[in-house]
> 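The structure's right below; bear with me while I get my questions together.
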Amino acid sequence: MGKYFQEEIETASRETIEQWQNDGLLDVVKRVYENVPFYRKKMEEAGVTPDDIKSTADLPKLPFLTKDDLRDAYPYGLLAIPLKDCVRIQSTSGTTGKRVVDFYTHADIDKWANGCARAIVAAGGTEDDVCHVCYGYGLFTGGPGLNDGSHKVGCLTLPMSSGNTDRQLQFMVDMGSTILCCTPSYASYLAESIHERGLQDQIKLKAGIFGAEAWSEEMRHDIEEKLGIKAYDIYGLTEIEGPGVSFECQEQDGMHICEDYFIPEIVDPETLEPVPDGQIGELVFTSFAKEAFPLIRYRTKDITYITREKCKCGRTHARIHRLMGRSDDMLIIKGVNVYPSQVEEVLIKQGMPANYQLIVDRVNNSDTMEVLVEMTPEMFSDKVSAIEKKEKDIVSALKSMLGIYAKVKLVEPKSITRSEGKAVRVIDKRKI
Ligand code: DLL
């Protein structure tokens, strides 16, 4: 295996990529207009027909699609083919509102696996590797996606799924896992557990493919240092396809979008107008290559910016910058905009593990924020005075970063719940 999984596609000229996207857009608009009453109605309401769409330059004429639309159309309302031709569903965990379900044909699964295989090869993976997948398996896309990608590359695949850290570490040591696929928060938890048990010398990991939740550059360095690996970011969402929509290469300088399957746009989340490359906004996708469940102009709510400059790795597909938050996870506390990633940055700079939770509340009409932070096992045995001092240091570091006071409480190691591998970073009691 060389540097790329599909060299010709991954290094195609921008003209070729644009041609794929123009052809793909015309095809998908016609398909949904003819086969999906939900879409036809939306397009009719927007006064647009397939004849109005000649190239990606006409995208702004098409209506957006949101998670609420997917919920309204649940379960079959956005299917573009007969149900009998679908072979798989995947779904979100549905912790907020109704589940979102995505359908796949054989061809859809094959393309998804290509995206994940490209990510694994970009992280240095070959058929000699042992790929340890501890994203959840099941309705969640993480496990199945990386699993299929790992098969395509020809790695020995360990379908571990999430949880049971003892078993994860035993297999990691016994099988000599070289590539670790999981959420960054679980990777840092595994790193701590490896150090606690003194297993560093028995671990053969060289790379990690981490995604499914926001993480910072500081957290990347922390994990890389603790595990002695290179840590790569991978992005995706259930509605579009799960992991492998975009992924980092050896340059670790933004995630390449599989542009032969998806058309990315960045729009201003307020005005919904497209913004130029390099400008921050909300990521929007058109999944034109999907047979079963193609989405047009789906608003991800994820905030980032895009670049179409050729990458040093030789790939030509556009890159998105590490995600900077969600247009809906920004907290407004006492009128100040706070992103959980800013808190994470402070904590890591203070030498804390990145396992934390923000509890936001409203007391006597005033917003409050409490930051629970897990201690390392070493800190846990420190004197109370040392712990109190650390809490004070974090309070003042947060104050200078955010400009507001947040109460800080250091809690026992591993006492903050991890659900489905994804960390629950914010509990906003104001909404309850
Ligand atoms: O999290 C798919 C996935 C699995 C991606 C494994 C990467 C690895 P959902 O559960 O539908 O799908 O959640 C999608 O998670 O809109 C982002 O807000 C967030 N997210 C996903 N990847 C990243 C990332 C999977 N690399 C939502 N950085 C997305 C930051 C991410 N946030």
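Please read these numbers as outputs of a predicted model, since none were measured by experiment. Indexing begins at 1, ligand by ligand and atom by atom, following the structure's order. Below, each value reflects all heavy atoms present in this structure, side chains not excepted, and no hydrogens, waters or symmetry copies.
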> Taking the six-membered ring for Trp, are Tyr76 and Phe103 parallel (under 30°), tilted (30 to 60°) or perpendicular (over 60°)?
tilted
> Is any NZ, NE, NH1 or NH2 atom of the basic residue among Asp129 and Lys206 found under 4.0 Å from an Asp or Glu carboxylate oxygen of the other?
yes
> For Ile234 and ligand 1, does the shortest N/O to N/O distance drop below 3.5 Å?
yes
> For ligand 1, which atoms sit closer than 4.0 Å to a heavy atom of Thr141?
2 (C)
> Heavy-atom distances under 4.0 Å are what count here, so tell me which part of Leu237 touches ligand 1: side chain, backbone, both or neither.
both
> Heavy atoms only: which of Cys182, Cys116, Pro243, Ala119 lies closest to atom 3 (C) of ligand 1?
Pro243
> Any donor-acceptor pair under 3.5 Å linking the side chain of Arg118 with the backbone of Gly244?
no
> If you take the nearest heavy atom of each of Gly242, Gly236, Ser246, Ser341, which one is closest to atom 14 (C) of ligand 1?
Gly236
> Is NZ or CZ of Lys290 both nearer than 6.0 Å to the six-membered ring centre of Tyr104 and within 45° of the ring axis?
yes
> Determine, considering heavy atoms only, which of Arg322, Glu248, Glu213 sits nearest to atom 30 (C) of ligand 1.
Glu213
> In terms of atom number and element, which parts of ligand 1 are under 4.0 angstrom from non-hydrogen atoms of Asp233?
24 (C), 26 (N)
> Can you name the atoms of ligand 1, numbered from 1 with element, that are less than 4.0 Å from a heavy atom of Tyr135?
6 (C), 8 (C)
> Counting only pairs under 3.5 Å, give me each side-chain donor-acceptor contact of residues 131-138, with atom names and distances, residues two or more places apart or in other chains.
from   : atom 1 : to     : atom 2 : distance (Å)
His132 : ND1    : Ser177 : OG     : 2.9
His132 : NE2    : Gln168 : OE1    : 2.8
Tyr135 : OH     : Cys182 : O      : 2.9
Tyr135 : OH     : Ile209 : O      : 2.9
Tyr135 : OH     : Gly211 : N      : 2.9
Tyr137 : OH     : Asn147 : OD1    : 2.7

> Which atoms of ligand 1 sit under 4.0 Å from any heavy atom of Tyr235?
21 (C), 22 (N), 23 (C), 26 (N)
> Might you work through the salt bridge (charged side-chain N to carboxylate O under 4.0 Å, His left out) test for Glu18 and Arg308, ending with a clear yes or no?
CA-CA 12 Å; Glu18 276 157 29; Arg308 277 168 242 259; over 6 Å; no
> Heavy atom under 4.0 Å from ligand 1: found in Lys301's side chain, backbone, both, or neither?
neither
> Check the pair Val32 / Phe38 against side chain to side chain contact (heavy atoms under 4.5 Å, CB included), numbers first and verdict last.
CA-CA 9 Å; Val32 300; Phe38 189 95; over 6 Å; no
> With rounding to the nearest 0.5 angstrom, report the OG1 to CZ distance, Thr286 to Phe262.
11.0 Å
> Is it the side chain, the backbone, both or neither of Thr238 that has a heavy atom closer than 4.0 Å to ligand 1?
both
